Asks: 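This is the structure, below, for whatever I ask next.
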Amino acid sequence: MTVFCALAFMLVASFLFALLELARLQSLAVLADRKSELCLEAVCSEYQPVLWEEYRLLGLDASYGGGGFSMEKVNRKMNGRVSDNLTRDGDGANILALGLSDVRPVSYQVLTDGDGTVFMECVAGYMRQHLPQEAAKKIYERYRENTEVEQSGAKEDSVQNAQNALDEARRAAEEERADEEDGTKSEQASPVQGGGDTKAETEKENPIELVLRLKQNALLSMVTDAGALSERRISLEDSIEKRECIEGTAAAPQKPEWYERILVTEYLDAYFSDFTNPNEDHALAYELEYVLGGAASDRENLEKTVGKILLVREAANVAHILGDTGKRQAANEAAALLAGFTGNPAVIKVVEIGIVAAWAYMESVLDVRALLSGERIALIKNAGQWTTTLGNLSAAFESDSHAAGCPDGLSYQDYLKAFLFVMNQKHLTYRMMGIMEQNVRFLQNQNDFRMDYVIGRMDYEVIYQAEPLFSRLSVLGDGRLTTMEIESYTRFSYY
């Protein structure tokens with residue numbers, strides 16, 4: 001072999017060794033990515049068990065049961081996983097041997113980030129498997145209809161305004177009589193004198209006064225057995241809404257659209273209890289009511305929820321009365337009987353509005369009773385679904401009856417979901433996480449557990465080192481190169 005051939009052979013061999021080293025380096029990079037992904041998945045598999053068992057949500061508790069939020073604990077777990085999964089072959093036979101140089105988090109998100117946007121994405125990600133978008137559109141239209149009805153009803157003070165108008169008219173009439181000294185004029189005033197308590201009026205039930213008396217009673221006692229209600233309470237001193245939460249280092253996802261909001265409300269219906277289906281094993285029995293009301297006790301939250309439903313039912317029932325010629329005529333006649341002595345069409349009109357509102361209120365009380373007993377009520381009733389009569393409201397109420405059910409109507413849960421759909425996102429998600437937090441503490445005896453300690457996504461950078469192999473055999477290689485660094489970026493997201 002000539003010198004030229006020897007040199008040529010060495011050059012060709014060096015070139016081949018360089019190609020082999022390059023191929024090995026690419027293989028090491030792929031191996032490093034797979035190992036990093038595998039190790040991060042292994043770390044994140046140590047999810048909070050109660051959140052999964054009770055709510056089918058996955059998240060890594062960065063406090064690991066206590067001691068406060070600490071990414072150092074997560075880093076140690078990650079470092080240990082990577083170290084245990086690296087090949088350690090002392091005889092050097094493995095050409096893809098890697099060593100660990102460094103493990104560090106790049107960014108992470110906790111569930112409370114973005115006013116609960118990360119949490120909503122976790123919930124929506126789970127619920128997309130169970131509710132396709134086409135089905136969600138129908139639910140969305142129903143919620144919009146419910147909101148429109150709620151906003152179109154009579155004002156809450158319509159009954160009081162009618163009573164005030166009657167009282168003012170009676171005072172004016174009495175003052176006019178007191179100033180009259182002419183006997184003829186006194187005789188003309190005598191019908192006015194009977195305006196407040198004539199035989200015709202007292203023989204007829206005054207729905208305005210009846211409703212005003214009833215509104216002085218406790219709301220829950222009118223619609224359900226108050227003595228059988230849950231008495232559970234929780235402490236809100238350290239609730240998510242009040243405390244300063246841990247914040248992640250990664251940007252939160254964008255605000256959810258209507259589809260994600262529908263998914264969240266359906267999730268609430270599936271995994272949170274309510275008055276008609278209480279959970280005796282959780283911190284609160286009425287969890288949906290807590291999300292709506294945000295109070296410390298089941299009783300307070302139920303009262304707030306019932307009050308909201310009552311307002312919606314009043315609005316819907318006012319719409320029915322105004323659309324029914326017979327009922328509207330009855331209200332007009334009752335107003336003329338109560339306020340006709342004034343001779344003032346404006347006062348009569350105010351009283352008529354108050355009578356309509358009072359009638360709607362009484363029907364709504366019976367509606368709420370039916371909803372709480374598990375019945376369904378039509379959003380806007382027809383004549384066949386109406387229960388009360390204007391001339392005998394007190395009898396229907398005192399009999400402890402409830403409105404007739406409607407198979408195609410809305411249930412108690414439907415009304416709750418409609419309210420939840422339009423709730424402020426921060427209040428909605430923080431209260432959802434708040435009751436989850438309380439249940440983890442209650443069920444697992446972890447008094448220090450916090451939802452803002454739960455990580456929903458992590459990005460990690462792992463730097464490996466490998467010794468050069470084929471490049472050492474090349475005459476072109478740099479003899480000073482003793483190790484090579486291989487960077488690997490990996491992400492794990494629970495949603």
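Along the sequence shown, residues carry numbers from 1. Keep in mind that this is a model prediction, so the values were computed, not measured.
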Asks: Mind checking whether Gln413 and Thr276 have side chains closer than 4.5 Å, heavy atoms only?
Replies: yes

Asks: Can you see whether Phe419 has Lys308 sitting over its ring - NZ or CZ less than 6.0 Å from the centre and within 45° of the normal?
Replies: yes

Asks: What's the verdict on side chain to side chain contact (heavy atoms under 4.5 Å, CB included) for Asp452 and Leu111, showing C-alpha distance, side-chain angles and the deciding distance?
Replies: CA-CA 6 Å; Asp452 54 322; Leu111 295 186; over 6 Å; no

Asks: Looking only at atom types and distance, does a side-chain atom of Arg233 sit under 3.5 Å from a main-chain N or O of Ser297, one as donor and one as acceptor?
Replies: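 No; zero donor-acceptor contacts below 3.5 Å.
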
Asks: Thr388 and Glu363: side-chain donor and acceptor closer than 3.5 Å?
Replies: yes

Asks: Pick out which of Glu289, Glu241, Glu437 makes a salt bridge (Lys or Arg N to Asp or Glu O under 4.0 Å) with Arg431.
Replies: Glu241

Asks: Quick one: do the Tyr495 and Gln109 side chains pair a donor with an acceptor below 3.5 Å?
Replies: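 Judged by distance alone, the side chains do pair up.
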
Asks: For residues Tyr412 and Arg376, is any side-chain donor paired with an opposing acceptor at under 3.5 Å?
Replies: no

Asks: Would you check if the side chain of Tyr494 reaches a backbone N or O of Cys44 as a donor-acceptor pair within less than 3.5 Å?
Replies: yes

Asks: Any sub-3.5 Å donor-acceptor pair from Asp367's side-chain atoms to Arg313's backbone N or O?
Replies: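 Checking the backbone N and O of Arg313 against the side chain of Asp367, no donor-acceptor pair under 3.5 Å is found.
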
Asks: Any chance you could lay out the salt bridge (Lys or Arg N to Asp or Glu O under 4.0 Å) test for Arg128 and Glu260, step after step, and finish with the verdict?
Replies: CA-CA 9 Å; Arg128 283 190 185 94; Glu260 285 73 23; 2.9 Å; yes

Asks: Does the Gln438 side chain pair with the main chain of Leu284, one donor and one acceptor, at a distance under 3.5 Å?
Replies: no

Asks: Quick one: side-chain contact (heavy atoms from CB on, under 4.5 Å) partners of Ala295, sequence neighbours excluded?
Replies: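 Testing Ala295 for side-chain contact (heavy atoms from CB on, under 4.5 Å), a comparison that skips the adjacent residues, returns Glu300, Asn301, Lys304.
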
Asks: More than 12 heavy atoms of other residues, nucleotides or ligands under 6.0 Å from CZ of Arg34: is that the case?
Replies: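 No, the 6.0 Å shell around CZ holds no more than 12 heavy atoms from other groups.
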
Asks: Report the residues that fulfil side-chain contact (heavy atoms from CB on, under 4.5 Å) with Ala62, sequence neighbours left out, ordered by chain and then residue number.
Replies: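 With sequence neighbours excluded, Ala62 shows a side-chain contact (heavy atoms from CB on, under 4.5 Å) to Phe69, Val74, Ile455, given in chain and number order.
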
Asks: When rounded to the nearest 0.5 angstrom, what distance separates CG in Leu219 from CD in Glu303?
Replies: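 Answer for the CG-CD pair, Leu219 versus Glu303, is 5.5 Å.
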
Asks: We want to know whether Thr490 and Ser36 form a side-chain donor-acceptor pair, criterion being a heavy-atom distance below 3.5 angstrom.
Replies: no

Asks: State, without any angle test, whether Glu287 and Asn439 hold a side-chain donor-acceptor pair at a distance under 3.5 Å.
Replies: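 Side chains of Glu287 and Asn439: pair found under 3.5 Å.
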
Asks: Apply side chain to side chain contact (heavy atoms under 4.5 Å, CB included) to residues Cys39 and Met78 and explain how you reach the verdict.
Replies: CA-CA 7 Å; Cys39 293; Met78 183 65 177; 4.2 Å; yes

Asks: Would the distance check show the side chain of Gln446 and the main-chain N or O of Asp448 forming a donor-acceptor pair, the cut-off being under 3.5 Å?
Replies: no

Asks: With salt bridge (Lys or Arg N to Asp or Glu O under 4.0 Å) as the test, would you mind laying out the steps for Asp298 and Arg232 before giving the verdict?
Replies: CA-CA 6 Å; Asp298 278 331; Arg232 295 186 186 183; 5.2 Å; no

Asks: Just wondering, are more than 12 heavy atoms of other shown residues or ligands nearer than 6.0 Å to CD in Gln133?
Replies: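 Buried by this count: over 12 neighbours within 6.0 Å.
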
Asks: Between Tyr267 and Tyr271, is the ring centre distance below 6.0 Å?
Replies: yes

Asks: Quick one: pull up CG in Asn79 and CZ in Arg104 and give me the separation to the nearest 0.5 Å.
Replies: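 Between atom CG of Asn79 and atom CZ of Arg104 there are 12.0 Å.
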
Asks: Apply the test salt bridge (Lys or Arg N to Asp or Glu O under 4.0 Å) to residues Lys138 and Glu141: give CA-CA distance (whole Å), side-chain angles for both, the deciding distance (0.1 Å), then the verdict.
Replies: CA-CA 5 Å; Lys138 298 179 181 179; Glu141 292 301 323; over 6 Å; no

Asks: Are Tyr108 and Tyr460 close enough that their ring centers fall under 6.0 Å?
Replies: no

Asks: Evaluate the ring-ring contact (aromatic ring centres under 6.0 Å, His included) criterion for residues Tyr259 and Tyr140: first the C-alpha distance (whole Å), next the side-chain angles of each, then the deciding distance (0.1 Å), finally the verdict.
Replies: CA-CA 8 Å; Tyr259 180 40; Tyr140 176 60; over 10 Å; no

Asks: What is the distance from atom OG of Ser364 to atom CG of Asn317, rounded to the nearest 0.5 Å?
Replies: 4.0 Å

Asks: May I ask you to decide if Lys381's main-chain N or O and His320's side chain share a donor-acceptor pair within less than 3.5 Å?
Replies: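 The answer is yes, because a donor-acceptor pair under 3.5 Å joins these two groups.
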
Asks: Give, for atom CZ of Phe119 and atom CG of Leu57, the distance between the pair rounded to the nearest 0.5 Å.
Replies: 5.5 Å

Asks: Can you tell me how far apart CD1 (Ile463) and OG (Ser101) are? Round to the nearest 0.5 Å.
Replies: 5.5 Å

Asks: Between Thr429 (side chain only) and Asp115 (backbone N and O only), is there a donor and an acceptor less than 3.5 Å apart?
Replies: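 Side chain of Thr429 to backbone of Asp115, a donor-acceptor pair under 3.5 Å: yes, one is there.
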
Asks: Are the side chain of Thr265 and the backbone of Ile262 linked by a donor-acceptor contact shorter than 3.5 Å?
Replies: yes

Asks: Please step through salt bridge (Lys or Arg N to Asp or Glu O under 4.0 Å) for the pair Glu46 and Arg81, ending with a clear verdict.
Replies: CA-CA 12 Å; Glu46 300 178 359; Arg81 291 288 185 177; 3.1 Å; yes

Asks: Within a radius of less than 6.0 Å around CD of Gln254, do more than 12 heavy atoms belonging to other residues, nucleotides or ligands occur?
Replies: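 Open.
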
Asks: Just how far is it from atom CD of Gln48 to atom CD of Glu53, taken to the nearest 0.5 Å?
Replies: 8.5 Å

Asks: Hey, what's the ring geometry for Tyr55 with His282, parallel, tilted or perpendicular (30° and 60° as the breaks)?
Replies: tilted

Asks: Can a donor-acceptor pair be found between the side chains of Thr112 and Glu247 at a distance below 3.5 Å?
Replies: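 Checked: Thr112/Glu247 side chains show no N/O donor-acceptor pair below 3.5 Å.
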
